[in-house]
Amino acid sequence: GSRKLIIVGDTAVKDGEEVIRTFFSRRMFESLVAKGKINGGMEKNVREAFDLLERLGPDHSVQLTTLNYANGEGSALASTGLLEELLGDGSGTKVMIPSPVVAYPLLPDDIPRLKNMINEAFGAQQEKALIPSYFARLTSKDPTVYLDAHYRGGAITYPLPALQGVEYLDKLFTKPDYEGLGVAASIMETIILQHGAVAWRSSRESRLYTNVVKQYGGFKEQRGIYTVYGVGIPDTKKEDVILRVISIPVTLQKLEGTA
């Protein structure tokens with residue numbers, strides 16, 4: 001009945017000197033193998049982890065955990081890394097197969113459920129909620145809804161006006177009880193594979209976003225209060241995309257009673 005298998009080894013999976021924190025699809029892993037980024041024992045460990053997960057099914061994970069040393073590698077062992085992994089702040093590589101993601105046009109009957117999911121996610125993470133006019137503004141933008149098959153998270157996207165072929169990731173949300181299961185990563189991969197060119201912004205630092213743009217060869221650029229991210233954006237469109245993204249009106253507001 002366990003959801004996570006933790007394997008303690010000598011090293012996590014690395015791309016050069018940098019630890020790869022998460023593999024959320026075999027496609028991502030095979031891409032790095034083909035580029036020569038992963039080989040030897042690291043390739044064998046991840047491949048065996050995916051083989052195991054395909055038998056266990058979605059929503060399980062295998063953690064390849066780095067041993068933690070007190071004074072550098074080879075010195076006194078400070079921790080096996082098990083506690084850090086169980087608390088969700090480990091130093092290793094997580095391998096997972098999230099649930100499937102479904103995509104469809106926004107339907108009026110789905111608005112109450114989506115509103116509740118988004119407000120629950122952003123309320124827990126940032127003490128924020130959607131502005132009252134959010135969905136009224138959204139319906140004219142040809143939005144697409146992406147949902148985890150078990151309704152644990154989702155996203156809303158729409159085409160950026162005057163920038164043909166570029167999709168804007170407007171909202172990405174995961175219910176608080178299901179963070180860390182790869183729901184958001186799987187949804188982002190689905191969106192990128194479907195559209196090719198995707199842009200979004202965040203007012204908070206995000207390891208997930210940083211990993212995604214690195215994996216897909218995108219960009220990350222600070223502009224004012226926002227960090228703008230993009231994948232599949234041609235250099236000739238990059239500045240136009242950034243300016244368009246930072247000009248989008250605010251869609252979240254602080255919850256009543258919060259600073």
May I ask you to check whether over 12 heavy atoms, not counting those of [X], lie within 6.0 Å of atom [atom1]?
X      : atom1 : value
Gln164 : CD    : no
Lys37  : NZ    : no
Tyr178 : OH    : no
Asp235 : CG    : no

| task | Apply ring pair (Phe, Tyr, Trp, His ring centres under 6.0 Å) to Tyr134 and list each qualifying residue two or more places apart in sequence or on a separate chain. | result | none
| Please, which pairs that meet ring-ring contact (aromatic ring centres under 6.0 Å, His included) have at least one residue in residues 196-216, sequence neighbours excluded? | Trp200-Tyr209, Trp200-Tyr229, Tyr209-Tyr229
| message | Evaluate Leu114 against Lys171 for side-chain contact (heavy atoms from CB on, under 4.5 Å), listing each step before the verdict. | response | CA-CA 11 Å; Leu114 289 170; Lys171 288 289 172 285; over 6 Å; no
Is the side chain of [X] donor-acceptor paired with the backbone N or O of [Y] at a distance under 3.5 Å, no angle test?
X      : Y      : result
Arg201 : Ile248 : yes
Thr157 : Glu167 : no
Ser202 : Thr227 : no
Ser133 : Ala136 : no
Ser31  : Arg27  : no
Lys220 : Lys214 : no

| request: Evaluate the side-chain contact (heavy atoms from CB on, under 4.5 Å) criterion for residues Tyr168 and Val166: first the C-alpha distance (whole Å), next the side-chain angles of each, then the deciding distance (0.1 Å), finally the verdict. | output: CA-CA 7 Å; Tyr168 178 60; Val166 180; over 6 Å; no
Say you draw a straight line from [atom1] of [X] to [atom2] of [Y]; how long is it, rounded to the nearest 0.5 Å?
X      : Y      : atom1 : atom2 : value
Thr174 : Asp148 : OG1   : CG    : 8.5 Å
Glu189 : Gln215 : CD    : CD    : 8.5 Å
Lys254 : Gln126 : NZ    : CD    : 7.5 Å
Glu43  : Leu32  : CD    : CG    : 11.0 Å

| request: Determine whether the side chains of Tyr104 and Asp110 contain a donor N or O and an acceptor N or O closer than 3.5 Å. | output: yes
| Does the side chain of Glu179 pick up a donor-acceptor pair with the side chain of Gln125 at under 3.5 Å? | yes
| task | State yes or no: do Leu193 and Leu172 share one hydrophobic cluster built from I, L, V, M, F, W and Y residues joined by side-chain heavy-atom distances below 4.5 Å, directly or via other members? | result | no
| CA sep, side-chain torsions, deciding dist, call: Phe219, Val228, side-chain contact (heavy atoms from CB on, under 4.5 Å) | CA-CA 8 Å; Phe219 69 85; Val228 181; 4.1 Å; yes
| Charged N to carboxylate O under 4.0 angstrom, Arg47 versus Glu30? | yes
| field | Side chain to side chain, Ile156 and Leu138, heavy atoms closer than 4.5 Å | value | yes
